[in-house]
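Reviewing the structure listed below.
These numbers come from the heavy atoms of this one structure, side chains and all, not from hydrogens, waters or symmetry mates. Remember, it's a predicted structure, so these values are computed and weren't measured experimentally.
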Amino acid sequence: MGKTSKDKRDIYYRLAKEEGWRARSAFKLLQINEEYKIFDGVLRAVDLCAAPGSWSQVLSKHLRKNTENPDDVKIVAVDLQAMAALPGVKQIQGDITKVSTANEIIQEFQGQKADLVVCDGAPDVTGLHDIDEYVQSQLLLAALNITTHVLKTGGIFVAKIFRGKDVTLLYSQLKQFFELVTVTKPRSSRNSSIEAFVVCQNYNPPPGYEPTMVNPLLDHKYCDFNQFTGINRFIVPFNSCGDINAYDSDTSYPLNLDGQNTYEYREPVQSPINPPYKDILEKTKKL
């Protein structure tokens with residue numbers, strides 16, 4: 001099927017609207033869970049950089065299967081932007097680089113720590129891969145930093161990365177805190193994108209490590225970089241996840257799926273409530 005035809009659409013975007021997800025990124029977390037079972041036994045979870053909330057939706061739906069009492073499940077969504085409310089999800093509009101935000105998360109868990117922390121945050125991309133990769137890596141380190149405050153020993157951390165030449169450095173930094181780190185690419189993530197995700201399992205910080213908002217990963221005493229250079233160069237584990245029979249995010253499909261005769265347009269599940277571009281749109285209308 002040609003990609004230039006006007007009757008082709010992003011299949012995951014359409015499926016997200018039909019299934020009630022706020023964004024197609026929901027399928028990325030679902031496929032990661034299918035491969036790594038990251039939801040098993042999880043009752044307390046944190047969604048960093050959560051807006052518009054599709055990953056919080058996935059957590060809310062699936063974690064309630066882990067207990068007979070839905071009130072046992074606690075999900076905290078954190079973002080600088082305001083986000084439309086979700087049932088069963090506590091929202092914190094705050095900065096993930098602030099100790100106060102970490103303390104507020106722990107307070108919501110009544111002094112306990114999270115079983116799972118996820119982060120699908122990303123900067124506004126420039127198209128210059130080296131710059132985008134660097135900025136994304138700094139966002140990842142900020143997410144890891146607050147994770148060291150709120151994640152229990154043995155917990156799981158999942159976050160977006162941009163693959164590039166420095167992925168080995170990121171891997172070495174993450175390995176200081178987790179026993180198993182894998183870079184994975186869900187099938188719903190376009191192959192043409194440098195996006196991937198790190199799945200970090202069994203949180204186990206270095207002996208004597210004390211969480212601090214001064215980025216701990218810039219302190220080289222926690223990192224033995226020699227083991228990743230020269231003849232000791234390490235190949236970062238990489239895994240493609242998601243059913244190979246599923247829809248390909250780089251392929252175009254007809255609007256009418258199998259078994260359907262007509263196509264019905266659906267509005268987005270949740271439009272942005274206060275997007276950064278809102279002021280520009282208002283100014284443009286006045287020109």
Pairs in or reaching into residues 52-64: which pass salt bridge (charged side-chain N to carboxylate O under 4.0 Å, His left out), with residues at least two apart or in two chains? none
May I ask you to check whether T148 and Y209 show a side-chain donor-acceptor distance below 3.5 Å? yes
F177 side chain reached by C200 side chain, heavy atoms, under 4.5 Å: no
Are any side-chain N or O atoms of T147 and backbone N or O atoms of A143, one a donor and one an acceptor, separated by less than 3.5 Å? yes
D79 meets the side chain to side chain donor-acceptor pair (under 3.5 Å) criterion, sequence neighbours left out, with none
Mind checking what makes salt bridge (Lys or Arg N to Asp or Glu O under 4.0 Å) contact with E133, not counting sequence neighbours? none
Using the salt bridge (charged side-chain N to carboxylate O under 4.0 Å, His left out) rule, take E195 and K28 through it: C-alpha gap first, then chi angles, then the decisive distance, then the call. CA-CA 11 Å; E195 168 194 81; K28 299 172 186 178; 3.1 Å; yes
Is there a donor-acceptor pair under 3.5 Å between the side chain of N66 and the backbone N or O of L43? no
Holding to side chain to side chain donor-acceptor pair (under 3.5 Å), I want the full list of residues that pass it with K17, two or more places apart in sequence or in another chain. none
D72: salt bridge (Lys or Arg N to Asp or Glu O under 4.0 Å) partners, not counting sequence neighbours: none
Sidechain-backbone polar pair: Q57 side chain, R22 backbone, donor-acceptor under 3.5 Å: yes
Can you list everything that forms a side chain to side chain donor-acceptor pair (under 3.5 Å) with D95? Sequence neighbours excluded, please. T97
Mutual orientation of the aromatic rings belonging to Y203 and F178 [parallel < 30°, tilted 30-60°, perpendicular > 60°]: tilted
Contact check, side chains of W55 and S25, non-hydrogen atoms, under 4.5 Å: yes
Side chain proximity check, V150 to K113, heavy atoms < 4.5 angstrom: no
